[in-house]
Amino acid sequence: CEPECPWEAIFEDSAVPDVFKDDIELNVRMTDSKDLFRVPEAEERDRPTPEQIAENKKKWGFEG
């Protein structure tokens with residue numbers, strides 16, 4: 001999954017950065033619904049800044 005993750009946000013549980021900790025439960029729900037999604041081909045992208053991540057979460061209503 002790592003190459004396909006648009007936010008390069010896949011980490012071992014013990015290594016999840018604070019900015020993503022609120023998303024752990026959401027990720028479990030997404031995994032349970034994975035058959036409903038199509039994974040696009042991976043694109044080379046720069047890693048997002050914490051500010052970009054926070055803005056993305058705000059945009060989609062997932063802020064803590």
Side-chain angles (χ1 to χ4, degrees):
C1 294
E2 288 183 51
E4 287 81 11
C5 181
W7 287 93
E8 295 181 25
I10 298 174
F11 300 91
E12 294 287 332
D13 289 344
S14 61
V16 175
D18 288 342
V19 71
F20 292 125
K21 294 232 186 240
D22 292 340
D23 298 328
I24 293 172
E25 185 177 331
L26 174 63
N27 290 338
V28 171
R29 291 186 302 187
M30 296 295 283
T31 299
D32 291 343
S33 302
K34 67 183 177 197
D35 293 336
L36 302 175
F37 299 92
R38 182 187 72 76
V39 177
E41 294 221 11
E43 296 178 22
E44 192 66 33
R45 297 181 184 186
D46 293 332
R47 288 185 175 257
T49 65
E51 294 80 16
Q52 288 172 314
I53 294 166
E55 184 61 32
N56 190 56
K57 289 170 79 171
K58 182 179 177 183
K59 175 182 175 182
W60 296 105
F62 293 111
E63 57 190 336

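A side chain to side chain contact (heavy atoms under 4.5 Å, CB included) with Phe20 is found for exactly one of Asn27, Ile53, Leu26, namely Ile53.
Listed here is the closest heavy atom pair of Lys57 and Asp23: CE-OD1, 3.5 Å.
In terms of the side-chain contact (heavy atoms from CB on, under 4.5 Å) criterion, residue partners of Ser33 (sequence neighbours excluded) are, by chain and number, Leu36, Phe37. Qualifying salt bridge (Lys or Arg N to Asp or Glu O under 4.0 Å) partners for Glu51, counting only residues two or more places apart in sequence or in other chains: none.
Atom-to-atom distance recorded for Phe62:CZ and Asp22:CG is 12.0 Å, nearest 0.5 angstrom. Residue Gln52 holds its CD atom at 8.5 Å from CG of Asp46, rounded to the nearest 0.5 Å.
Counting non-hydrogen atoms of neighbouring residues, nucleotides and ligands closer than 6.0 angstrom, the NZ atom of Lys21 exceeds 12 such neighbours.
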